[in-house]
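All remarks here apply to the structure that follows.
The structure presented is a predicted model; accordingly, all values stated were derived computationally and were not measured. Computation of the quantities below employed the complete heavy-atom set of this structure, encompassing side-chain atoms and omitting hydrogens, waters and symmetry-equivalent molecules.
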Amino acid sequence: MAKISQDALRQVQAALENYRVEVNSKKLTSKTKKTYLLYVQFFVRWLDDDFVPGSRTG
């Protein structure tokens with residue numbers, strides 16, 4: 001079960017998409033962009049109860 005309401009989760013996922021667009025529009029190295037985008041996804045997955053910190057399944 002998600003850690004927040006489905007409505008709140010949809011809002012977070014929409015904000016994450018906006019974040020992706022903004023990160024990708026910046027003059028950053030591809031490695032920096034990858035880092036910015038990868039780790040925030042873990043948090044959103046955790047909110048959706050689809051990720052356990054410390055697990056090896058990523």
Transitive ILVMFWY side-chain link Ile4 to Phe51, under 4.5 Å: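 Per the 4.5 Å side-chain linkage, Ile4 and Phe51 are co-clustered.
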
Cluster overlap Val12 with Phe43, hydrophobic side-chain contacts below 4.5 Å: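 Result: yes, single cluster for both.
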
Can you name the side-chain contact (heavy atoms from CB on, under 4.5 Å) partners of [X], sequence neighbours left out?
X	result
Asn18	none
Tyr36	Tyr19, Val23, Leu28, Thr32
Ala15	none

Which residues share a salt bridge (charged side-chain N to carboxylate O under 4.0 Å, His left out) with Asp48, sequence neighbours left out: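 Testing Asp48 for salt bridge (charged side-chain N to carboxylate O under 4.0 Å, His left out), a comparison that skips the adjacent residues, returns none.
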
Sole candidate of Leu38, Val44, Val40 that passes side-chain contact (heavy atoms from CB on, under 4.5 Å) when paired with Phe42: Leu38

Any pair counted as salt bridge (Lys or Arg N to Asp or Glu O under 4.0 Å), so long as it reaches residues 19-35, sequence neighbours left out: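 Salt bridge (Lys or Arg N to Asp or Glu O under 4.0 Å) check on residues 19-35 returns Glu17-Arg20.
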
Gln11: partners by side chain to side chain donor-acceptor pair (under 3.5 Å), with sequence neighbours left out: Asp7

Expected output: side-chain Asp49 to main-chain Met1 donor-acceptor under 3.5 Å: yes

